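Predicted model, so just to flag it, every value in this text is computed and none were measured. Values below: all heavy atoms of this structure, side chains included; hydrogens, waters and symmetry mates excluded.
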Amino acid sequence: ARLHESKVVLIRSLISDNLRYINIAKEWFTISDLAKIRRRKIGGGRIGGKAAGMLLALRIVEEMSACPDFCIHSAESYYIGSDVLYSFMSINNLGHWNDQKYKSESEMRLEFPQIVEDFEKGVFPPDIVERLQGLLVTVGQKPMIVRSSSLLEDNFGTSFAGKYESIFLPNQRSIKENLGALTRAVARIYASTLNPNALLYRRSRGLQDYDERMAILIQVVQGEAFGRYYMPHAAGVAFSRNLYRWTPQIRREDGFVRLVWGMGTRAVDRVGNDYPRLVALSHPLLRPSTSADAIRRYSQQYVDLIDLEDNAFKTLPASEVLNSHYPPLRYLAQMDEDGYFISLQSTLLGGSTDRLVLTFDELLRRTPFAEKMRDILHNLERNYRSPVDLEFTLHLSNLESGRPMLNLTLLQCRPQSHLMKTEEVPVPADIPEEKVVFETRFVVPQGFIRQVDYVLFVRPEGYYALPSMNDRAKLARAIGTLNAALEGQKFICVGPGRWGSSNSDLGVPIDYGDIYHSKALVELSGKGVGPEPEPSLGTHFFQDLMEAQIYPLAVLLDSPTTLFNREFFYQQPNHVSDFVPLDPLLADTLHLIRVSDFAPGHTLQVVMDDDQNQAMAFVIRQDSLK
């Protein structure tokens with residue numbers, strides 16, 4: 001009993017005071033585990049949610065690596081306690097910024113650049129600087145990543161996915177220069193606690209007044225040098241539940257993976273010019289698209305890595321980095337031979353790398369990666385008593401044997417406790433076509449949205465006619481303002497391309513803070529409208545949508561199975577001005593449609609059935625609702 005009490009006290013003081021976490025962690029951590037954490041902690045306070053999730057997941061699954069072709073590793077990690085933030089803000093007179101969370105969104109966004117500048121000028125207490133310098137001496141010139149690990153982050157019900165910064169440090173200069181880069185990175189992550197998107201996320205969850213302290217997780221970057229470049233053989237994010245199946249035979253409970261070559265940033269961020277490999281772990285070789293053109297088009301085109309010579313994190317075309325001497329090449333890529341993908345039986349390519357396509361087929365076919373990942377996710381979900389997701393890197397060793405060793409490093413694990421069973425309502429078969437607002441059959445989730453009164457519509461023609469990126473950013477801010485004004489109303493968003501894209505040419509560049517009151521995000525694609533949608537499964541943006549119960553849908557306007565009611569979208573009055581002033585520049589772009597204008601006495605329902613891979617939005621009489 002005394003030992004049990006000691007573990008709980010140490011977990012609460014060192015790691016987390018979340019009771020759901022403590023109830024699991026106390027069964028797994030030993031006193032020795034907790035002592036090791038304490039030795040690697042710098043400063044007072046807890047190590048925060050991201051570090052807590054990583055350590056618990058490692059402890060749960062470590063015994064699963066006792067087999068000849070698979071091993072689970074931990075990244076070399078260090079922790080800056082959450083109390084150091086207070087000391088930093090105090091000695092640098094930064095406390096006046098604490099009222100940011102009570103300001104309007106426009107004020108937050110206007111003042112945030114000054115906050116970052118003020119924090120980056122800050123200095124740290126001498127004892128903290130001394131410990132960080134000692135850390136650099138211990139690590140040597142290995143690349144590092146400095147990651148946020150706030151007290152609420154990666155917790156039950158609050159992932160804060162992508163809200164705070166993570167900063168790569170190549171670490172290839174002198175100790176003095178590397179120390180300067182490290183302290184600036186920590187200061188910048190401290191500043192990100194006042195990032196408007198993080199503050200709006202907290203506000204939307206009733207956490208505005210919570211004392212959200214920021215701890216820091218410092219890790220040696222997993223990977224190896226290949227010439228001047230440093231990156232892992234593969235990385236990604238894995239979910240224990242697959243809510244967006246592209247065919248009914250895929251089993252939800254076996255999960256899925258977003259897999260990339262190089263740094264995992266391209267797996268968790270929804271980048272505008274690239275695609276990860278989506279792997280359904282129940283059927284790892286089953287793709288959303290099967291034609292040769294689609295496989296090449298929706299394959300990874302760029303790689304994130306560290307350039308050791310330039311001491312910089314870079315994004316480069318994959319074809320510039322891949323060559324026949326890259327050891328794990330045959331497991332990552334195939335050769336496109338006139339529409340047929342040929343596995344590489346040797347490292348001899350016989351020509352340009354332009355015909356190489358990153359398919360990961362040989363990795364999935366010739367190694368137990370999918371099976372082992374499935375087992376890990378099942379194990380974690382069982383012990384967390386909740387669906388989970390985790391971030392990882394993968395290194396292939398013993399390549400000469402023809403049976404490579406899989407070395408998996410777990411970097412992060414968070415519970416997905418919001419993934420509760422959704423309401424299952426069949427798509428009605430007797431709705432007259434004139435009452436259908438849209439119907440789609442592209443990667444549909446399971447869900448039901450009742451009594452939608454408004455539709456926020458970004459007209460594709462108006463959007464692509466906006467003359468500059470600044471004008472598109474102005475549209476995103478206008479959507480954010482309208483979202484705030486529509487609090488208490490039920491609405492969905494419909495617009496061209498990829499909502500939340502980092503490239504405004506590919507879609508509306510909103511953040512989560514601009515749309516968190518919406519019930520669905522509907523992406524239109526087709527000739528002249530926007531690019532074909534890429535399922536955002538597993539990205540930080542996807543995490544936000546899932547937590548907030550916002551359903552992502554895609555409508556392929558060129559598909560013969562799609563219905564899109566142009567009368568509803570193009571012939572109804574615009575009600576934006578009923579809620580917020582409408583900038584004349586955006587008058588032809590941003591529309592707010594009231595459902596009752598199209599059908600008096602009616603409301604909108606959206607029914608989604610993933611077994612039938614069908615979603616339908618249709619109007620229904622208010623008085624017919626039960």
If you take all heavy atoms of [X] and [Y], which pair is closest and at what distance?
X: V303; Y: W261; answer: CG2-O, 3.5 Å
X: Q301; Y: S299; answer: NE2-O, 2.9 Å
X: S149; Y: I47; answer: OG-O, 2.8 Å
X: Q446; Y: M608; answer: NE2-O, 3.4 Å
X: G447; Y: Y551; answer: CA-OH, 3.6 Å
X: L151; Y: G48; answer: CD2-CA, 4.2 Å

Just to verify, what does R365 make a side chain to side chain donor-acceptor pair (under 3.5 Å) with, not counting sequence neighbours?
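If we apply the side chain to side chain donor-acceptor pair (under 3.5 Å) test to R365, skipping adjacent residues, the hits are E362.
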Which residues satisfy the side chain to side chain donor-acceptor pair (under 3.5 Å) test with H283, sequence neighbours excluded?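 With neighbours one apart ignored, the set is empty.
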Atom pair [atom1] ([X]) and [atom2] ([Y]), whose distance is rounded to the nearest 0.5 Å:
X: I72; Y: I376; atom1: CD1; atom2: CD1; result: 4.0 Å
X: D254; Y: R252; atom1: CG; atom2: CZ; result: 12.0 Å
X: F442; Y: S525; atom1: CZ; atom2: OG; result: 7.5 Å
X: S148; Y: Y190; atom1: OG; atom2: OH; result: 11.5 Å
X: F392; Y: L408; atom1: CZ; atom2: CG; result: 6.5 Å
X: R46; Y: D17; atom1: CZ; atom2: CG; result: 4.0 Å

- Please walk me through it: do D389 and R241 pass salt bridge (charged side-chain N to carboxylate O under 4.0 Å, His left out)? CA-CA 8 Å; D389 79 88; R241 294 293 177 95; over 6 Å; no
*asked:* Applying salt bridge (Lys or Arg N to Asp or Glu O under 4.0 Å) as the test, list every pair that has at least one member in residues 277-292; sequence neighbours left out.
replied: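 Residue pairs passing salt bridge (Lys or Arg N to Asp or Glu O under 4.0 Å), neighbours aside: R277-D361, R287-D361.
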Check: Y275 vs Y298 aromatic rings, parallel, tilted or perpendicular, using cut-offs 30° and 60°?
Finding: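 Rings of Y275 and Y298: perpendicular, as their planes differ by over 60°.
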Task: Parallel, tilted or perpendicular, as decided by the 30° and 60° cut-offs, for the rings of Y326 and H233 - done: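 Aromatic pair H233/Y326 classed perpendicular.
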Item checked: Ionic contact status for R228 with D310, cut-off 4.0 Å ->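 A salt bridge links D310 with R228.
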- Task: Flag the pair E391 and R147 as a salt bridge only when some basic side-chain nitrogen lies within less than 4.0 angstrom of an acidic carboxylate oxygen.
- Result: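 A salt bridge is present here (some side-chain N lies under 4.0 Å from a carboxylate O).
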- Message: Out of the candidates Q222, M144, R40, only one should pair with E76 under the side-chain contact (heavy atoms from CB on, under 4.5 Å) rule; please name it.
- Response: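 The side-chain contact (heavy atoms from CB on, under 4.5 Å) with E76 is passed solely by R40 among Q222, M144, R40.
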Practice problem: Please list, chain by chain and in numerical order, all residues satisfying ring pair (Phe, Tyr, Trp, His ring centres under 6.0 Å) with Y512, sequence neighbours excluded. | Solution: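 By the ring pair (Phe, Tyr, Trp, His ring centres under 6.0 Å) rule, Y512 matches Y201, Y516.
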| Can R382 and N379 be counted as having a side-chain donor-acceptor contact under 3.5 angstrom? |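 There is such a pair (donor and acceptor under 3.5 Å, judged by atom type) between the side chains of R382 and N379.
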- Task: Quick one: list whatever passes salt bridge (Lys or Arg N to Asp or Glu O under 4.0 Å) with R213, sequence neighbours left out.
- Result: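 By the salt bridge (Lys or Arg N to Asp or Glu O under 4.0 Å) rule, R213 matches D83, D211.
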In chain order, what residues pass the salt bridge (Lys or Arg N to Asp or Glu O under 4.0 Å) check against R188, with sequence neighbours excluded?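 Salt bridge (Lys or Arg N to Asp or Glu O under 4.0 Å) list for R188, sorted by chain: E120, E165.
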